[in-house]
Structure formats: C-alpha cells, structure tokens
Amino acid sequence: MQTVVSGIRPTGKLHLGNYFGAVKSFLHMQENYNSYFFIADIHSLTTHPTPEDLHGNVKQVLAEYLAMGLDPEKCTLFVQSDVPQIPELYTYMNMNAYLGELERSASFKDKVKNQRNNVNAGLLTYPVLMAVDILIHKADFVPVGKDQEQHLEMTRDFAKRFNNMYGVQCFPEPDAYSQTGKLVKVPGLTNNGKMSKSGGEGDAIFFDDEDKVTHKKIMRAVTDSGPTEMNQTKPEAIQNLFDIMALVSEPSTLEHFDKLYNSCEIRYGDFKKQLAEDVLNFVRPIRTQIQDIKADSKYLSDVAAQGAAKAHESAEKTLKEVREIIGFRRFY
Ligand code: AMP
C-alpha cells in the first residue's frame with residue numbers, strides 16, 4: 001500500500017472550510033493509503049505560542065479530527081513532538097540545505113516581509129522540517145495546496161541530494177497527491193474570499209461554537225435588497241450563501257431557494273433561517289463528539305500514545321538506515 005503524509009496546523013477550532021477542504025480528503029486517504037497525519041506542533045514554535053495555547057490547540061485539533069472521523073485504527077494520527085526521530089533527521093538534513101535555496105522560498109520571503117521582528121532560523125529551515133516530516137515515513141504522496149508546491153519541490157530536492165551524496169536510494173521522491181473526491185473552497189460569511197479563522201469576526205462557522213453563536217453569524221451575513229430581474233446572476237455574497245447551502249442542505253432545499261431567487265420571490269430572512277438550521281444539523285453531532293472526546297482524557301492519551309508508537313516504529317526504521325548511511329556506526 002502506498003504511503004501518504006499530511007500535517008495539521010494546531011490552530012485550535014476548525015471551521016466548515018477546514019472540513020470540506022481538508023478533513024474530507026483525510027477520511028478518503030485513511031481508507032486507501034497507509035496514512036500518517038500529524039499535528040505540527042514543532043513547526044508552530046516559529047510563532048512563539050504560550051505553552052498553554054500550544055497544548056490547548058493541539059488537544060482541540062486532535063479531538064476535532066477524531067470527532068470528524070479520523071480513525072486511529074485506520075491511520076497513524078500523531079503529535080509531531082512525540083516523535084524524537086523527527087528533530088534528529090532535521091538536524092542531519094539541515095547540513096545539506098543551502099542558505100540560498102532556503103532564502104528563495106516564497107513562504108520565507110513572505111515572513112521576512114510581514115514578520116520583521118521575528119525572522120528566526122526556524123522559519124528559514126521550515127522547508128527542511130517539512131521535508132523531514134514526509135521523508136521520515138518514505139511517503140509516496142503528499143496532499144499539497146498551490147501554496148505548498150514549492151515546499152514539495154524542495155522536499156524532492158533534499159531527497160535527491162541525500163541519495164546522490166551517499167549513492168543510495170534511501171528516500172523516494174514524493175509526488176503531489178491529487179484528490180479524487182470533490183474538494184471545495186468554502187466561502188466565508190463576511191468576506192468574498194474563502195472562509196478563514198482570520199477572516200474577521202463572523203466569517204467562519206466553527207464546529208465547536210454554540211448554536212446561538214452560529215445562528216447569529218448566519219442571520220447577520222450580508223445580503224442585498226434582492227434580485228430585480230428573473231434568472232439574474234447572483235452577486236458574490238449571495239452566491240456564497242448558496243454555496244454553503246449546497247454543502248450542508250438537501251438538494252431539494254437548494255433547488256427550492258434557487259427557484260425563488262430566479263423568480264425574484266426569495267425572502268433572505270427565510271433563506272438564512274433555513275441555512276442556519278441545516279448548518280446546525282450538520283455541525284451539531286460533530287460538536288457533541290468533540291466535547292465528549294475532549295472530556296475523555298484517557299481516550300485522548302490512548303490515541304496519542306498509539307499514534308506515537310506507530311509513528312516511532314516507521315521513523316526509527318528510516319533513522320536506523322540513515323545513521324548507517326551517514327556513518328554513525330556505534331562502537332559499543
Ligand atoms: P488552515 O488551518 O487555514 O491552514 O487550513 C487547514 C486546511 O484546511 C488546509 O488544507 C486548507 O486548505 C483547508 N481550508 C481552510 N480554509 C478553507 C476553506 N475556506 N475552503 C476550503 N479549504 C479550506
């Protein structure tokens with residue numbers, strides 16, 4: 001079976017965009033691949049979180065991914081810092097990563113521009129750590145967004161360079177994983193880009209929010225004074241709400257409101273009320289699960305321990321090989 005590796009940023013609460021844009025593909029992968037999903041808590045140190053925030057966010061995303069259906073029996077779900085072989089391989093791979101190529105990375109350039117007061121070495125070598133996350137499990141595939149293509153290319157370069165340097169075929173060069181199922185860009189409620197945590201107050205629909213918070217956000221979503229011509233094209237803000245409805249509602253519901261829009265009879269209040277009800281029906285069972293899992297420390301610790309053990313085994317196998325190749329051969 002082919003291996004796929006993907007990282008999860010410990011950003012705290014997840015929203016509908018995360019579900020339809022990432023988690024759904026993970027659910028597909030765990031059925032079809034030898035899958036490693038890890039919470040990238042070492043990466044997140046580049047932004048200097050407090051220990052409480054870091055731990056709380058790791059716990060939150062772990063509980064949320066489990067609540068959404070990641071199954072520790074089907075995949076390896078682990079916390080990056082639980083696997084010490086990762087920082088070990090990172091140290092070795094840093095010796096073959098060059099300042100010029102690291103400085104050329106688009107994400108590093110972006111950080112230098114936007115985060116002037118914290119341009120730490122971890123940011124510079126971020127692509128090396130990303131490469132290690134992938135190479136340590138000898139992944140065949142990595143699901144990457146457009147913004148991550150350069151990092152995958154660097155991973156391939158690092159793998160090739162190591163193999164060439166020592167004349168070995170240790171690391172396969174991973175390919176981009178192309179999603180077979182349908183992945184969508186979920187629009188936000190307040191801006192016309194994609195739903196995002198940083199999209200401002202009221203933009204994102206979080207799974208772990210109370211019903212009334214979500215209800216209010218949807219009822220407050222910006223609309224207009226209504227269509228004036230039959231079958232007119234929907235303005236972006238209206239189309240966005242229809243797009244969200246297409247994800248959570250019955251097709252007949254969507255069709256019903258689409259017809260009302262096209263005949264200029266739509267009442268946005270009714271439309272948003274229905275959308276809120278359908279969104280809540282969708283998120284509520286997952287929220288209950290999130291809360292149950294968060295309250296069950298034993299389950300969380302068992303899952304983390306099981307994931308760490310599986311990730312350890314795979315990582316240690318690679319590391320044994322790497323230490324031998326490099327020439328770290330024990331005298332004792
Ligand atoms: P983030 O924590 O924002 O980096 O997102 C984590 C994952 O969710 C990434 O794979 C994103 O591509 C995906 N994601 C985030 N927001 C959206 C969205 N509005 N629509 C689709 N996918 C999204």
Side-chain angles (χ1 to χ4, degrees), residues 4-30 35-44 46-47 49 53-54 56-70 75 77 79-80 106-107 110-111 114-115 123 126 129-130 133-134 141-152 176-209 214 217-218 221 236-237 239-248 279 282-283 286 290:
V4 57
V5 173
S6 189
I8 300 166
R9 293 196 308 151
T11 49
K13 294 197 295 186
L14 301 187
H15 51 70
L16 277 186
N18 298 127
Y19 181 82
F20 288 102
V23 183
K24 265 192 98 168
S25 72
F26 284 15
L27 298 179
H28 171 78
M29 284 183 244
Q30 72 173 356
S35 333
Y36 292 88
F37 303 124
F38 66 95
I39 302 175
D41 59 344
I42 304 180
H43 283 282
S44 77
T46 55
T47 61
D53 281 350
L54 179 59
N57 285 342
V58 170
K59 181 176 175 181
Q60 183 74 22
V61 293
L62 183 58
E64 296 215 9
Y65 272 85
L66 289 166
M68 291 175 191
L70 275 200
C75 66
L77 176 60
V79 181
Q80 190 185 28
S107 62
D110 184 59
K111 291 288 185 324
N114 298 318
Q115 193 180 300
L123 285 174
Y126 205 91
L129 185 53
M130 278 182 123
D133 291 324
I134 298 161
F141 294 107
V142 192
V144 284
K146 261 256 160 277
D147 53 333
Q148 298 290 328
E149 271 170 2
Q150 194 184 21
H151 283 149
L152 181 59
Y177 168 82
S178 58
Q179 175 64 27
T180 44
K182 200 166 162 248
L183 273 191
V184 288
K185 187 188 96 175
V186 182
L189 290 174
T190 58
N191 66 46
N192 287 335
K194 63 176 200 170
M195 181 177 286
S196 112
K197 199 183 165 88
S198 51
E201 186 68 25
D203 188 58
I205 298 167
F206 293 102
F207 283 86
D208 205 13
D209 270 351
T214 299
K217 278 182 189 172
I218 294 172
E236 202 165 359
Q239 184 60 51
N240 285 350
L241 297 177
F242 272 88
D243 286 350
I244 297 173
M245 183 173 259
L247 295 170
V248 298
V279 163
F282 183 79
V283 302
I286 294 178
I290 295 169

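Just so you know, residue 1 is the first one in the sequence shown, and it goes up from there. In listed order, ligands and their atoms are each counted from 1.
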Hey, does the side chain of S35 reach the backbone of M29 with a donor-acceptor pair shorter than 3.5 angstrom?
yes

List the steps and the verdict of side chain to side chain donor-acceptor pair (under 3.5 Å) for D243 and Q239.
CA-CA 6 Å; D243 286 350; Q239 184 60 51; 2.9 Å; yes

State, to 0.1 Å, how close E201 and T190 come at their nearest heavy-atom pair, and which atoms those are.
O-CG2, 3.8 Å

Need the list: ligand 1 N/O atoms against protein N/O atoms, distance under 3.5 Å, rounded to one decimal.
unit_1: ligand 1; atom_1: 2 (O); unit_2: R9; atom_2: NH2; d: 3.4
unit_1: ligand 1; atom_1: 4 (O); unit_2: R9; atom_2: NE; d: 3.2
unit_1: ligand 1; atom_1: 4 (O); unit_2: R9; atom_2: NH2; d: 3.0
unit_1: ligand 1; atom_1: 5 (O); unit_2: N18; atom_2: ND2; d: 3.1
unit_1: ligand 1; atom_1: 8 (O); unit_2: N18; atom_2: ND2; d: 3.1
unit_1: ligand 1; atom_1: 16 (N); unit_2: M195; atom_2: O; d: 3.4
unit_1: ligand 1; atom_1: 19 (N); unit_2: V186; atom_2: O; d: 2.8
unit_1: ligand 1; atom_1: 19 (N); unit_2: M195; atom_2: N; d: 3.1
unit_1: ligand 1; atom_1: 19 (N); unit_2: M195; atom_2: O; d: 2.9
unit_1: ligand 1; atom_1: 20 (N); unit_2: V186; atom_2: N; d: 2.8
unit_1: ligand 1; atom_1: 22 (N); unit_2: G17; atom_2: O; d: 3.2

Checking salt bridge (Lys or Arg N to Asp or Glu O under 4.0 Å) for the pair D209/K13: CA distance, chi angles, key distance, verdict?
CA-CA 9 Å; D209 270 351; K13 294 197 295 186; 2.5 Å; yes

Start with the C-alpha distance between F37 and Y65, add both sets of side-chain angles, then the distance that settles ring pair (Phe, Tyr, Trp, His ring centres under 6.0 Å), and finish with yes or no.
CA-CA 10 Å; F37 303 124; Y65 272 85; 7.8 Å; no

Using the six-membered ring wherever Trp is involved, compare the ring planes of F207 and Y19 and label them parallel, tilted or perpendicular (cut-offs 30° and 60°).
tilted

